[in-house]
Amino acid sequence: MTKVTGPDSDDGHAWAERLGWAYGLTAPDAVDRAAALVRLDDARARVRRTRVHLNETWRLTAGLGQEEQHREPMLTAAREAYDEALSHCLPEALWCRPVFGSISTWPGLPFALLFLEWEARHPQEWTRHAKAWGTKQALIRELAAADHSEAVEARLVDLVDLVVQRAYRCKDREYVRVARAVDGDDLRDRLDRAHRSDNPWAQLHAGYVLRLLDRPETPNTRHVWRTWLAHGTTKPPAG
């Protein structure tokens, strides 16, 4: 993801100050989630206001010429206000990933995990308030490509376990990457339980992930996935 907003020097404390309220999005209590959703809607309204102001300021200063326009204090202030608003909102704050470096050392990592957990646990609320399939895909791919602490690996195992037990949603197939990255006894035990459960979707999805874990040479392509679905059974297709 390309860096869009937020200072490079941000630390975990600064992220928590801006987005600590977002932990309510995954709260088990619906009242707590509703309060967090109000905060999110307020943050998004601020993003819209500052974007309108930035666009208007850009239009008003367009006659100055490119270099002079970029130095214009009024435009600089409008851009900074917009960037600040983005840093208080999800998923927008997650677009400020530094271009270089691993996501495993990024101070925003807890909120990237939170964003994905929210989508996994409360998909309809996520869709209504923060649908961002491209952000979901990019985060999953980066998480699957990085080295993580045991605590983060445990969170990723939880995510895979949550996702395989629900009906398929856009970009869920990307979680095979995560499963391959954190493959181990804990993950396989959970997938096996899901595969043997009474949940037809868990049987199908967990079976697919287990198949690809056992066959690392098999690409996780749409064709492979659709072949599995077309077969319509928890047993591997012939061949």
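Positions are given from 1, in the same order as the sequence printed here. Treat the numbers as computed from the prediction; the structure is a model and nothing was measured.
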### Query
Angle class for the Trp225/His205 ring planes (parallel below 30°, perpendicular above 60°, tilted otherwise)?
tilted

### Query
Does any non-hydrogen side-chain atom of Leu114 lie less than 4.5 Å from one of Leu19?
no

### Message
Check for me, please, whether Trp133 and Ile140 land in the same ILVMFWY cluster - side-chain distances under 4.5 Å, paths through other members count.
### Response
yes

### Arg155 and Glu117 ion-paired at < 4.0 Å
yes

### Message
Measuring only between side-chain heavy atoms, which start at C-beta, is Thr50 closer than 4.5 Å to Asp83?
### Response
no

#### Entry: ILVMFWY network linking Leu162 to Leu116, side-chain heavy atoms under 4.5 angstrom
no

### Shortest non-hydrogen contact between Ala202 and Ser197, atoms and distance
CB-OG, 3.7 Å

### Query
Do any N or O atoms from the side chain of Arg173 and from the backbone of Tyr168 form a donor-acceptor pair under 3.5 angstrom?
no

### Query
At what distance, to the nearest 0.5 angstrom, does NE2 of His129 lie from CZ of Arg33?
10.5 Å

### Query
If you look at every heavy atom in Ala144 and Ala181, which pair is closest and at what distance?
O-CB, 3.3 Å

### Query
How about Asp29: does its CG atom have over 12 heavy atoms from other parts shown lying under 6.0 Å from it?
yes

### Task
Determine whether Leu25 and Phe115 make a side-chain contact, defined as any pair of heavy atoms from C-beta on separated by less than 4.5 Å.
no

### Residue pair Arg190 / Asp158, side-chain heavy-atom distance below 4.5 Å
yes

### Query
For Tyr175, what residues pass the side-chain hydrogen bond (donor to acceptor under 3.5 Å, both in side chains) criterion, not counting sequence neighbours?
none

#### Entry: Cation-pi geometry met for Arg121 and Trp118 (6.0 Å, 45°)
no

### Verdict with supporting geometry, Arg71 and Thr76, side chain to side chain donor-acceptor pair (under 3.5 Å)
CA-CA 7 Å; Arg71 291 196 300 266; Thr76 299; over 6 Å; no

### Pairwise distance CD(Glu92) to CZ(Arg51) - rounded to 0.5 angstrom
8.0 Å

### Task
Would you tell me whether Thr127 and Arg169 have side-chain atoms, one donor and one acceptor, within less than 3.5 Å of each other?
yes

### Task
Go through the steps for Arg46 and Asp41 under the test salt bridge (charged side-chain N to carboxylate O under 4.0 Å, His left out), then give the verdict.
CA-CA 9 Å; Arg46 181 185 172 195; Asp41 287 344; over 6 Å; no

#### Entry: Residue pair Thr57 / Ala78: nearest heavy atoms and the distance that separates them
OG1-CB, 3.9 Å

#### Entry: Side-chain ion pair, Glu174 and Arg177, N-O less than 4.0 Å
yes

### Residue pair Leu156 / Leu159, side-chain heavy-atom distance below 4.5 Å
yes

### Task
Find the distance between CG (Leu139) and OG1 (Thr135) and round it off to the nearest 0.5 Å.
6.5 Å

### Query
Can we call the ring centroids of Trp58 and His70 under 6.0 Å apart?
yes

### side chain to side chain donor-acceptor pair (under 3.5 Å) between Gln165 and Asp161, worked out
CA-CA 7 Å; Gln165 297 189 60; Asp161 190 23; 2.8 Å; yes

### Query
Which pair of heavy atoms, one from Gly108 and one from Leu94, lies closest together, and at what distance?
O-CD2, 4.3 Å

### Message
Hydrophobic clustering (ILVMFWY, side-chain heavy atoms < 4.5 Å, transitive) - are Val52 and Tyr82 grouped together?
### Response
no

### Message
Let me confirm one number: the CZ-CG distance from Arg44 to Leu37, rounded to the nearest 0.5 Å.
### Response
10.5 Å

### Message
Measuring centre to centre across the rings, with the benzene-like ring taken for any Trp, is Trp21 within less than 6.0 Å of Trp15?
### Response
no

### Message
Are the side chains of His53 and Arg49 in contact, using a 4.5 Å heavy-atom criterion?
### Response
no

### Message
Checking Glu17 against His13 for the side chain to side chain donor-acceptor pair (under 3.5 Å) test, could you report, in this order, the C-alpha distance in whole Å, the side-chain angles of both residues, the deciding distance, and whether it holds?
### Response
CA-CA 6 Å; Glu17 282 192 336; His13 180 70; 3.1 Å; yes

### Query
How far apart are the C-alpha atoms of Trp106 and Phe111, what are their side-chain angles, what is the distance that settles it, and do they pass the side chain to side chain contact (heavy atoms under 4.5 Å, CB included) test?
CA-CA 10 Å; Trp106 180 42; Phe111 295 96; over 6 Å; no

### Query
Which pairs with one or both residues in residues 191-202 pass salt bridge (charged side-chain N to carboxylate O under 4.0 Å, His left out), sequence neighbours excluded?
Asp192-Arg196

### Query
So, do His148 and Ile103 sit near enough that their side-chain heavy atoms are less than 4.5 Å apart?
yes

### Query
Between Leu191 and Tyr208, is any pair of side-chain heavy atoms under 4.5 Å apart?
no

### Task
I would like to know whether Gln69 and Thr61 meet side chain to side chain donor-acceptor pair (under 3.5 Å); could you show each step before the answer?
CA-CA 6 Å; Gln69 183 184 29; Thr61 59; 3.1 Å; yes

### Task
Find the distance between OG1 (Thr26) and CD (Glu119) and round it off to the nearest 0.5 Å.
13.0 Å

### Verdict with supporting geometry, Ser102 and Asp147, side chain to side chain contact (heavy atoms under 4.5 Å, CB included)
CA-CA 8 Å; Ser102 170; Asp147 291 327; over 6 Å; no

### Task
Might you work through the side chain to side chain contact (heavy atoms under 4.5 Å, CB included) test for Leu213 and Val176, ending with a clear yes or no?
CA-CA 8 Å; Leu213 288 180; Val176 170; over 6 Å; no

### Task
Indicate if Val47 and Val38 have the same hydrophobic cluster label, given that clusters are the connected sets of ILVMFWY residues with side-chain heavy-atom separations under 4.5 angstrom.
no

### Task
State the CZ-SG distance between Arg18 and Cys89, to the nearest 0.5 angstrom.
12.0 Å

### Task
Start with the C-alpha gap between Leu187 and Glu153, add the side-chain angles, then the distance that decides, and say whether side chain to side chain contact (heavy atoms under 4.5 Å, CB included) holds.
CA-CA 10 Å; Leu187 177 62; Glu153 285 192 0; over 6 Å; no

